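Every number for a ligand or one of its atoms is a count from 1 in the order of the listing. Bear in mind that the values here come from a model prediction, so they are computed numbers and not experimental data.
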Amino acid sequence: MIVVMKQHCSDEAIEHVMTYLKDHGLSGHLSQGVERTIIGVLGAVGPSGTRTTAGGINPEINEALEGLPCVEQVLRVSKPYKLASREFHPTDTIVEVPVPCVSEGVVRIGDTAVVMMAGPCTVESEKQLMTTAEAVRKEGAVILRGGAFKPSTSPYGFRGLGEEGLKLLAKARDEFGLAIITEVMTPTDVEMVCDYTDILQIGTRSMQNYMLLDEVGRVEKPVVLKRGMSATIEEWLLAAEYILSQGNSNVILCERGIRTFEKMTRNTMDISAIPVIKQLSHLPIISDPSQGTGHRDLVTPMSLASVAAGTDGLLIEVHPNPDEALKDGAQSLTLQQFKSLMPRVESVAAAVGRRFVTG
Ligand code: PEP
Ligand code: MN
């Protein structure tokens, strides 16, 4: 449910609604836009620790809210994903990530500037990771990617270095001042992965691992939620809803390509998902053209297209020697290719009125 306040309502009127909600066991989520103030209302905490949304609120409360000063109307959120919807929260959500190498010490994902996250698909060795981290940092990336726990389609594929890989990522952060993003695959690993990383990544294969979504919803670390390879946008937003409904509001969506009949590319990069998400949701969205295309030649054009379409960030695979990579070499940029990508991405960002965060 949402409470729409009249234009130019006073702070006292807002406070009045918030207090009323609190006194009735409800919680109000304030969204102050330029034109309108909207208060999203969440219901009581249920047995699983999840808050109910509009459905559970009784008609008397609804009526009483409508009678409070400066309340224009009380509306139901029409979408099945409530907390993730723009109706519930009309202003953009900005997810803050601490990044030592930027002057402010923090990067805001979903704000006016586009953010570059880059690094190897998988952490393979100290040398491979440090060489890549140094190179991407030099070109302006502020977040280092690298998988330590790798979902592998084949059980014989490389599954990652595990905690050893996390330790190397933490070392790279200390050395280069980059923030870290890495995948977590099981609920029982969430606490341990949080000890090392700044952003948790939920992979495409885990988008429907609801126990994992619940678990990352109980921490405060930002979560990048990849789109399931066969997920509709609504299913993807409902997966985000799992995380939000447990209390973690730091969710970033990531378009990484979907399965279609096309075989020339590994996946079909759904660029239109970017503006669609912007319409339906207040959450930031980033793009992963590496998994999205599967071919390093296509990573630059799809990065540029994503920025033009309004993405808030890019997640790109880079390797010092892609031909020898243990995973995803064909879609990994060389250090030189990454270097040439950066200024091009910056020009497209400028063309659509956005800056680029650099360290
Ligand atoms: C990755 O980022 O390397 C990865 C495995 O991504 P996805 O889950 O999108 O396939
Ligand atoms: Mn990969």
For atom NZ of Lys278, decide whether the heavy atoms of other residues, nucleotides or ligands shown that lie under 6.0 angstrom number more than 12.
-> yes

Please state whether the rings of Tyr210 and Tyr242 are parallel, tilted or perpendicular, taking 30° and 60° as the class boundaries.
-> parallel

For the student: nearest non-hydrogen atoms of Ala133 and Ala172, plus distance | CB-CB, 4.3 Å

May I ask whether Cys121 has any heavy atom positioned less than 4.0 angstrom from an atom of ligand 1?
-> yes

Among the heavy atoms of Gln201, does any lie under 4.0 Å from an atom of ligand 1?
-> yes

Looking at [atom], what's its closest protein heavy atom, distance included?
atom	answer
atom 8 (O) of ligand 1	Thr204 N, 2.7 Å
atom 2 (O) of ligand 1	Arg145 NH1, 2.9 Å
atom 1 (C) of ligand 1	Gln291 NE2, 3.2 Å
atom 7 (P) of ligand 1	Lys226 NZ, 3.4 Å

Give a yes or no on whether Met207 and Val276 share a hydrophobic cluster (residues Ile, Leu, Val, Met, Phe, Trp, Tyr; joining criterion: side-chain heavy atoms under 4.5 Å apart).
-> yes

Taking atom types as modelled, find out whether [X] and [Y] have a side-chain donor-acceptor pair closer than 3.5 angstrom.
X	Y	value
Thr91	Ser31	yes
Ser78	Glu87	yes
Thr186	Thr188	yes

Atoms of ligand 1 less than 4.0 Å from Arg205 heavy atoms?
-> 10 (O)

Ligand 1 atoms in contact with Gly203 (distance to a heavy atom under 4.0 Å) = 8 (O)

The Mn ion (ligand 2) is nearest to which N, O or S atom of Asp328?
-> OD2

Name whichever N, O or S atom of Glu317 ends up nearest to the Mn ion (ligand 2).
-> OE2

Report the part of Glu317 in contact with ligand 1, treating N, CA, C, O as backbone and CB onward as side chain, heavy atoms under 4.0 Å; options are side chain, backbone, both, neither.
-> side chain

With heavy atoms and a 4.0 Å threshold, my read on which part of Lys150 contacts ligand 1 is side chain

Derivation and outcome, side chain to side chain donor-acceptor pair (under 3.5 Å), residues Glu317 and Gln291 = CA-CA 9 Å; Glu317 291 182 344; Gln291 329 299 322; 2.5 Å; yes

Run the salt-bridge test on Asp111 and Arg354 with the 4.0 Å N-O cut-off and return the result as yes or no.
-> no

Polar contact flag for Glu183 and ligand 1 (N/O pairs, less than 3.5 Å) = no

Under 3.5 Å, N or O to N or O, is Arg256 touching ligand 1 that way?
-> yes

